There are 2 protein chains.
Amino acid sequence: MQSKTSNDLLKFFIDTCKQQNLKVTPQRMAIYKELIKSKNHPSAEAMFQKVRRQFHNISFDTVNRTLFTFSEIGLIDIVEGHGRPRRFDPDMNMHHHFHCIKCGNITDFRNDAYDNLEIPENIKQKFMVIRKRVVLKGSCDKCSKRSEFSNAS
Amino acid sequence: MQSKTSNDLLKFFIDTCKQQNLKVTPQRMAIYKELIKSKNHPSAEAMFQKVRRQFHNISFDTVNRTLFTFSEIGLIDIVEGHGRPRRFDPDMNMHHHFHCIKCGNITDFRNDAYDNLEIPENIKQKFMVIRKRVVLKGSCDKCSKRSEFSNAS
DNA sequence: TGACAAAATAAGAATTATTCCTATTAAATA
DNA sequence: TATTTAATAGGAATAATTCTTATTTTGTCA
């Protein structure tokens with residue numbers, strides 16, 4: 001069962017690479033295999049440590065670069081975090097964010113429906129929530145224009 | 001009008017500092033004044049460049065440390081971003097995040113209501129949205145326990 | 001199958017962002 | 001105005017990432 005699902009995922013991975021004109025290298029396979037085992041949100045360093053156990057002489061740079069490549073073709077996501085460089089927001093009124101995944105800009109927007117979102121009961125019981133925000137990700141107007149036909153290759 | 005609002009904000013700033021037993025230094029004043037002028041999400045480096053124009057020999061460390069201090073007492077917010085160290089998420093199913101502002105951990109959770117949030121029309125018209133997520137921030141169960149009486153001081 | 005062109009890799013240097021360290025200075029209080 | 005305690009400047013140290021270059025490998029096609 002486990003291996004069947006795993007094989008399906010590997011097939012999906014290989015197909016995606018071919019579609020995107022990415023070469024299917026043993027390094028990329030090894031990294032992908034570790035990724036589908038990951039339950040949390042690993043850093044590049046954490047992935048490097050895991051992968052090198054199977055792939056003795058893989059370099060950090062390859063792991064890091066490959067993770068970034070995977071995120072570009074939609075195999076994995078880069079999650080938002082308290083980032084570096086840290087960005088400070090002097091606007092303490094409730095508002096929401098649009099992140100451009102290309103240029104990295106964050107745009108504020110207001111939305112009443114989002115402001116009124118309820119915190120789920122199971123979350124309230126476990127965590128002390130002091131702020132909520134809807135984060136939308138995608139491509140901003142400038143970046144969309146710039147690469148309008150980029151996936152027609 | 002402008003100066004009145006600005007004075008109110010400065011008064012609020014001074015009161016907040018006193019409440020929190022923080023000294024009101026010229027450096028902190030200068031940094032706060034720049035902050036309330038900021039419309040975007042400046043980095044520490046950007047703030048340093050702005051502030052040093054008024055405050056010739058201020059150090060980067062002071063700016064950075066002060067911004068962090070301000071965020072701790074709720075004067076400003078640290079916004080989520082594509083962070084460093086980057087965190088990669090192999091789970092591409094829709095889910096949401098709880099960020100602990102103390103330990104930095106990000107916890108996944110599922111919520112149907114959140115999944116069904118509509119993208120506002122004005123956003124759709126301007127940006128190409130490919131992902132949405134609700135991000136809750138606060139203190140996780142472990143960190144809440146650890147500092148249960150920390151604000152009684 | 002073998003050769004070729006383009007892409008990917010390893011290794012380490014370089015860069016960027018941040019935090020730490022410590023002597024000095026300044027704010028708050030009496 | 002003297003004292004105590006926190007805050008600062010400046011620079012060293014660290015952490016995370018990206019860049020550079022020579023080498024290797026993949027995918028393709030004869």
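Letters A, B, ... are given to chains in the order of the sequence lines, protein chains preceding strands, and every chain is numbered from 1. Every value quoted in this text rests on a predicted model; they were computed, and no experiment measured them.
- The aromatic ring centroids of B:Phe13 and B:Phe70 lie less than 6.0 Å from each other.
- B:Arg133 has no carboxylate O lying under 4.0 Å from a charged side-chain N of B:Asp115, or vice versa, which leaves the two without a salt bridge.
- Spacing between atom CE of B:Met29 and atom C1' of D:dT8 amounts to 17 Å, rounded to whole angstrom units.
- Contact check, A:Asn64 against D:dA16: no side-chain N or O comes under 4.0 Å of OP1 or OP2.
- We find that CD1 of A:Ile58 is positioned 21 Å from P of D:dT23, with the value rounded to whole Å.
- Taking every side-chain heavy atom of B:Arg84 into account, D:dA16 is the closest of C:dA10, C:dT9, D:dA16.
- Taking the six-membered ring where tryptophan is involved, the planes of A:His96 and A:Tyr114 are perpendicular, since the angle between them exceeds 60° and thus also 30°.
- Between the CD1 atom of B:Ile14 and the C1' atom of C:dA28 there is a distance of 14 Å, given to the nearest Å.
- Here D:dT14 presents its P atom at 16 Å from CD of A:Glu45, a figure rounded to the nearest Å.
- Taking atom CD1 of B:Ile78 as the reference point, atom C1' of C:dA17 lies 14 Å away to the nearest angstrom.
- For a distance-only test at 3.5 Å, the side chain of B:Lys23 qualifies as a donor-acceptor partner of the base of D:dT5.
- Remark on DNA chain C: of its neighbouring residues B:Leu22 and B:Phe60, the 5'-side contact belongs to B:Phe60, judged by nearest-heavy-atom nucleotide.
- Mapping B:Thr25 and A:Ser59 onto DNA chain C by nearest heavy atom places A:Ser59 at the nucleotide closer to the 5' end.
- Closest to the A:Thr62 side chain, of the nucleotides C:dA10, C:dT18, D:dA9, is C:dA10.
- As a whole-Å value, the separation of B:Leu67 CG from C:dT19 C1' is 14 Å.
- For A:Arg86, the listed nucleotide lying nearest its side chain is C:dT19; candidates were D:dT17, C:dT19, C:dA10.
- Taking 4.0 angstrom as the limit, B:Arg65 places a side-chain polar atom (N or O) nearer than this to OP1 or OP2 of D:dT8.
- Between D:dA9 and B:Gln27, a contact under 4.0 Å exists linking OP1 or OP2 to a side-chain N or O.
- Taking for each of B:Asp61 and A:Asp61 the nucleotide of DNA chain D with the nearest heavy atom, the 5'-most of the two is the partner of B:Asp61.
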Requested in this report: Check the pair A:Lys132, A:Ile119 against side-chain contact (heavy atoms from CB on, under 4.5 Å), reporting the backbone distance first and the verdict last.
Outcome: CA-CA 8 Å; A:Lys132 71 184 174 193; A:Ile119 310 299; 4.0 Å; yes
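- Listed nucleotides D:dT18, D:dT8, C:dA28 differ in distance to B:Arg28; the shortest reach to its side chain belongs to D:dT8.
- Separating the CG atom of A:Asn21 from the P atom of D:dT25 is a distance of 22 Å, rounded to the nearest angstrom.
- Within a 6.0 Å radius of CD in A:Glu118, other residues, nucleotides and ligands contribute 12 heavy atoms or fewer.
- Put simply, NZ on B:Lys18 is 20 Å from P on D:dT5, counting in whole angstrom units.
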